Chemist: 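I'd like to ask you about the structure that follows.
Numbering starts at 1 and runs along the sequence shown. On a predicted model such as this, the values are computed, not experimentally measured, just so you know.
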Amino acid sequence: IRGHLELLEEDPTERWQTIALVTDELDRMSRIVGDLLVLAKAQRPDFLNLEAVDVATLTEEVLAKARGLGPRDWQLEGVARRRVIADRQRLTQAMMQLAVNAAAHTGEGDRIGLGSAMSNGMARLWVKDSGPGVAFGERDLIFRRFSRGEGRRASDGAGLGLAIVRAIAEAHNGRVELESRPGAGAKFSVVIPTEQPEPREEATS
């Protein structure tokens, strides 16, 4: 940014191009800072705003938002019709990040499925794409900060998206699961308990 501004030309066309480039880079930096702040806050007790969340409504709303990410064959694969104790905004953030990843690793008209289900006191929300899949040796790597799988398409992200998804799941006392075979797509699931434990009281001296 500094270099482009120092070399800013008087020509209106070149100035417009430089301003557009600098603005794009500032937007990218802002996204990285925002993502890092989310990861930093994930360790704080006030990271989640817990409430009763209707899983069916949340699933359908995420699908409606995801359709704006690109011309894919977006499909609703199922909905769990009950409530859970969770942070609605954080769950939406995690699911939208998975949808962004799915759109980035598929092409126009490719199928992407979203859904939710309940089993044994656990809620499962997933995004399943028909992209290139994830190599077995990369399944832990892709959840680390600033990491990307080599077999997946390149994107302009900083490699923080899946780390945020995992942080949100773990803040809910849950986990992220990945089912994938190279060349056969990937299914990412956020699995959380339907009820959250009561926060422990601070020990008094």
Side-chain angles (χ1 to χ4, degrees), residues 35 38 53-84 86-144 147-157 159-194:
D35 288 347
V38 170
V53 177
D54 186 282
V55 178
T57 301
L58 184 142
T59 307
E60 292 164 352
E61 288 178 349
V62 169
L63 178 62
K65 293 175 182 178
R67 286 194 169 114
L69 296 174
R72 308 293 188 266
D73 180 17
W74 299 95
Q75 295 291 328
L76 183 64
E77 296 188 333
V79 292
R81 302 197 177 278
R82 64 166 294 177
R83 294 176 180 268
V84 299
D87 186 315
R88 180 187 190 87
Q89 291 186 351
R90 293 298 186 194
L91 281 184
T92 298
Q93 181 181 11
M95 294 300 292
M96 284 302 298
Q97 181 59 60
L98 293 178
V100 167
N101 283 10
H105 299 303
T106 52
E108 183 172 346
D110 288 346
R111 189 180 192 280
I112 300 177
L114 286 84
S116 58
M118 294 283 185
S119 178
N120 300 320
M122 303 295 286
R124 177 182 298 271
L125 300 97
W126 69 84
V127 176
K128 182 169 65 176
D129 67 59
S130 54
V134 181
F136 183 79
E138 297 176 352
R139 296 187 181 189
D140 291 329
L141 174 67
I142 60 175
F143 289 101
R144 299 177 188 173
S147 297
R148 297 189 188 94
E150 295 296 329
R152 306 282 272 180
R153 293 184 184 179
S155 68
D156 62 354
L160 293 170
L162 289 177
I164 290 174
V165 174
R166 183 174 67 176
I168 291 172
E170 291 178 350
H172 283 87
N173 299 290
R175 62 189 184 274
V176 181
E177 295 181 354
L178 168 61
E179 303 170 43
S180 180
R181 288 185 296 116
K187 178 180 180 181
F188 290 87
S189 301
V190 174
V191 184
I192 64 170
T194 56

Chemist: Between Lys128 and Glu179, does any side-chain N to carboxylate O distance fall below 4.0 Å?
Modeler: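 So Lys128 does not pair with Glu179 through a salt bridge.
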Chemist: Do Val38 and Arg90 come close enough that some side-chain heavy atom pair is under 4.5 Å?
Modeler: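 Result yes, sub-4.5 Å side-chain heavy-atom pair found.
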Chemist: Let's go through Val127 and Ile112 carefully: what are the C-alpha distance in whole Å and the side-chain angles of both, what is the deciding distance for side-chain contact (heavy atoms from CB on, under 4.5 Å) to 0.1 Å, and is it a yes or a no?
Modeler: CA-CA 7 Å; Val127 176; Ile112 300 177; 3.9 Å; yes
Chemist: Identify the heavy atoms of Ser180 and Gly133 that sit nearest to each other, and give their distance.
Modeler: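 Heavy atoms of Ser180 and Gly133 come nearest at OG-CA, 3.3 Å.
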Chemist: Regarding Lys187 and Glu77, does a basic nitrogen lie under 4.0 Å from an acidic carboxylate oxygen?
Modeler: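 Answer for the salt bridge query: no.
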Chemist: Identify the two heavy atoms, one from Val190 and one from Ala94, that lie closest to each other, and give their separation to 0.1 Å.
Modeler: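 It is CG2-CB, 4.5 Å.
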Chemist: For Arg111, is there any backbone N or O sitting under 3.5 Å from a side-chain donor or acceptor partner on Ser130?
Modeler: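 Looks like yes, one N/O pair under 3.5 Å.
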Chemist: Taking atom CD of Glu61 and atom CG of Leu114, what is their separation to the nearest 0.5 Å?
Modeler: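 Taking CD in Glu61 and CG in Leu114, the distance rounds to 13.0 Å.
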Chemist: I'd like to check Glu177 versus Arg124 (side-chain heavy atoms, cut-off strictly below 4.5 Å). Are they in contact?
Modeler: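 Yes, side chains in contact.
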Chemist: Considering only heavy atoms from C-beta outward, does the side chain of Met118 approach that of Thr194 to under 4.5 Å?
Modeler: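 They are in side-chain contact.
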Chemist: Output yes when Glu60 and Lys65 qualify as a salt bridge under the 4.0 Å nitrogen-oxygen rule, no when they do not.
Modeler: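 So Glu60 does not pair with Lys65 through a salt bridge.
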Chemist: If I compare all heavy atoms of Ala86 with all of Val53, which pair ends up nearest, and what's the gap?
Modeler: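 Scanning both residues, the minimum pair turns out to be O-CG2, 3.6 Å.
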Chemist: Just verifying a value: how many Å separate Arg82 CZ and Asp54 CG, rounded to the nearest 0.5 Å?
Modeler: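 One gets 11.0 Å once the value is rounded to the nearest 0.5 Å.
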Chemist: Would you say that Val165 contacts Phe188 through its side chain, given a criterion of any heavy-atom pair below 4.5 Å between the two side chains?
Modeler: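 SC-SC contact between Val165 and Phe188 ruled out.
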Chemist: Which pair of non-hydrogen atoms, one from Leu76 and one from Leu63, has the smallest distance, and what is that distance?
Modeler: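 Heavy-atom minimum between the residues: CB-CD2, 3.6 Å.
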Chemist: Just so I know, are the side chains of Met96 and Val62 near enough to count as touching, which here means a heavy-atom distance under 4.5 Å?
Modeler: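 They are in side-chain contact.
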Chemist: Can you confirm whether Leu98 sits close enough to Trp126 that some side-chain heavy atom of one is under 4.5 Å from a side-chain heavy atom of the other?
Modeler: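 No; the side chains remain at least 4.5 Å from each other.
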Chemist: If you take all heavy atoms of Ser116 and Ala80, which pair is closest and at what distance?
Modeler: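 Scanning both residues completely, I find the closest heavy atoms to be OG-N, 3.0 Å.
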Chemist: Check whether any side-chain heavy atom of Thr92 lies under 4.5 Å from a side-chain heavy atom of Leu58, and answer yes or no.
Modeler: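 The answer is yes, as the side chains (C-beta and beyond) meet within the 4.5 Å cut-off.
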Chemist: Could you check whether any side-chain heavy atom of Thr59 comes within less than 4.5 Å of a side-chain heavy atom of Val55, counting everything from C-beta outward?
Modeler: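 Yes - at least one pair of side-chain heavy atoms lies under 4.5 Å apart.
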Chemist: Given side-chain contact (heavy atoms from CB on, under 4.5 Å), test Met122 with Arg175 step by step and report yes or no.
Modeler: CA-CA 11 Å; Met122 303 295 286; Arg175 62 189 184 274; 3.7 Å; yes
Chemist: Can you list the steps and then say if Gln75 with Asp73 is a side-chain contact (heavy atoms from CB on, under 4.5 Å)?
Modeler: CA-CA 6 Å; Gln75 295 291 328; Asp73 180 17; 2.7 Å; yes
Chemist: May I ask you to decide if Ala103's main-chain N or O and Arg72's side chain share a donor-acceptor pair within less than 3.5 Å?
Modeler: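 Present.
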Chemist: Decide side-chain contact (heavy atoms from CB on, under 4.5 Å) for Ile192 and Leu91; before the verdict, give the C-alpha distance in whole Å, the side-chain angles of both, and the deciding distance to 0.1 Å.
Modeler: CA-CA 10 Å; Ile192 64 170; Leu91 281 184; 4.0 Å; yes
Chemist: Treating His172 as the side-chain partner and Asp87 as the backbone partner, does any N or O pair qualify as donor plus acceptor under 3.5 Å?
Modeler: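 Side chain of His172 to backbone of Asp87, a donor-acceptor pair under 3.5 Å: yes, one is there.
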